[in-house]
Protein chains: 2
Amino acid sequence: MIEMGETEAEPHQLGGMPAPDQQVENFRHTRRARRTEIAEDYVELIADLIDSGGEARAVDIARRLGVSHATVIKTVGRLQRDGLVVTKPYRAIFLTDEGRRIAIWSRQRHELVVKFLLAIGVSKEVAYADAEGIEHHVSAETLAAFERVVGEINGRRSASGH
Amino acid sequence: MIEMGETEAEPHQLGGMPAPDQQVENFRHTRRARRTEIAEDYVELIADLIDSGGEARAVDIARRLGVSHATVIKTVGRLQRDGLVVTKPYRAIFLTDEGRRIAIWSRQRHELVVKFLLAIGVSKEVAYADAEGIEHHVSAETLAAFERVVGEINGRRSASGH
DNA sequence: TGGAGGATGTAGCCAAGGCTACATTTGAGA
DNA sequence: TCTCAAATGTAGCCTTGGCTACATCCTCCA
């Protein structure tokens with residue numbers, strides 16, 4: 001029935017959906033992003049804890065995330081295995097260069113997503129909540145579009161006095 | 001003119017982060033959303049397959065998602081257990097009323113997210129890809145904001161004689 | 001200085017969502 | 001009708017990310 005060639009005979013585009021081949025790629029891409037969400041949340045949080053309190057301890061991470069400390073310790077072990085974090089038994093958790101790079105990028109992206117949602121009129125509470133999930137799936141191109149929109153809205157706001 | 005929120009100076013605690021208690025809630029909320037992403041993807045896809053081809057078969061779902069058929073069959077079993085689909089051995093997969101409800105809602109949300117990304121200038125390829133991940137984390141309030149923005153931009157475009 | 005209590009680590013459980021390999025069923029065409 | 005390829009199902013493995021329960025370590029202060 002379906003040949004590899006796919007020359008013509010465009011199969012039903014169904015309300016603007018991407019072609020099947022492209023859709024597979026999109027799903028794959030999203031699954032990949034889902035696997036890195038947790039890591040991004042952790043390094044971002046660890047960076048915040050270090051910046052504000054000087055060090056990141058497992059118990060603080062657990063409290064901020066709302067999970068058990070055992071979960072945190074196991075996850076931190078995986079992050080260390082993956083080279084994002086360094087820690088020694090009974091000691092605080094530190095970021096590697098790679099981990100810090102990801103943390104900085106994640107934080108910038110996170111803050112821009114929040115700023116964007118606020119700019120288009122989303123309430124503060126919902127903006128924070130939605131950004132937590134959305135941020136991990138925003139590509140550089142979309143992020144740039146967000147930034148443009150924020151600039152436009154702020155520009156128009158200051159132009160109208162106030 | 002695009003609606004704007006946040007005219008006043010916000011309390012800038014630690015780079016605009018929410019209070020710890022609220023942050024815990026946001027993380028919890030996001031984890032909850034992550035658990036339903038797969039189910040939403042499946043029912044949305046099953047609805048598309050039924051609408052376009054008359055029935056949804058496991059092999060088609062597997063091809064569209066880019067996963068093995070064994071994974072699909074196991075997941076469909078979970079969806080049936082959870083009351084979203086109905087199927088019998090060696091037969092096609094159908095949606096329950098609940099499943100159809102979720103599928104319709106997911107599709108509308110998905111399409112609006114795509115339309116929104118296109119409206120703010122994201123390329124078609126990236127819009128499709130990012131929407132696949134973003135859609136599951138967009139609350140009703142944010143979705144409403146997206147809709148407003150789409151209306152604004154399209155209104156401005158047609159007003160300027162295009 | 002010696003506990004006590006908090007922080008950390010370990011063990012073991014669970015479900016989800018992937019996979020491969022193999023078994024069974026279906027159904028279309030010769 | 002009968003066969004065989006494709007579809008479906010089953011078994012068993014893996015990793016992740018949750019949890020509880022219990023063990024060990026550290027540190028501060030009485």
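Keep in mind it's a predicted model, so treat the numbers as computed, not measured.
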Take atom [atom1] of [X] and atom [atom2] of [N], then tell me their distance rounded to the nearest Å.
| X | N | atom1 | atom2 | value |
| --- | --- | --- | --- | --- |
| B:Arg91 | D:dG9 | CZ | P | 10 Å |
| B:Arg35 | D:dG17 | CZ | C1' | 11 Å |
| A:Tyr42 | D:dT16 | OH | P | 13 Å |
| A:His69 | C:dT8 | NE2 | P | 8 Å |
| B:Lys88 | C:dT24 | NZ | C1' | 19 Å |

Name the residue from B:Leu45, B:Asp48, B:Val43 that meets the side chain to side chain contact (heavy atoms under 4.5 Å, CB included) definition with B:Arg107.
B:Asp48
Passing candidate, side chain to side chain contact (heavy atoms under 4.5 Å, CB included) with B:Tyr42, options B:Leu65, B:Val85, B:Leu84, B:Ile93:
B:Leu65
By the 4.0 Å heavy-atom rule, please label [X] as base, sugar-phosphate, or nothing.
| X | result |
| --- | --- |
| A:Thr71 | base |
| A:Arg78 | base |
| A:Arg81 | sugar-phosphate |
| A:Arg63 | sugar-phosphate |

Below 4.0 angstrom, N of the basic side chain to O of the carboxylate: do B:Arg101 and B:Glu98 qualify?
yes
Nearest non-hydrogen partners of B:Ala119 and B:Val150, listed with the distance
CB-CG2, 4.3 Å
If the cut-off is 4.0 Å, is A:Arg57 near the phosphate of C:dT8, judged by side-chain N/O to OP1 or OP2?
yes
Taking only N and O in the side chain of B:Ser68, is any of them less than 4.0 Å away from OP1 or OP2 of C:dG18?
no
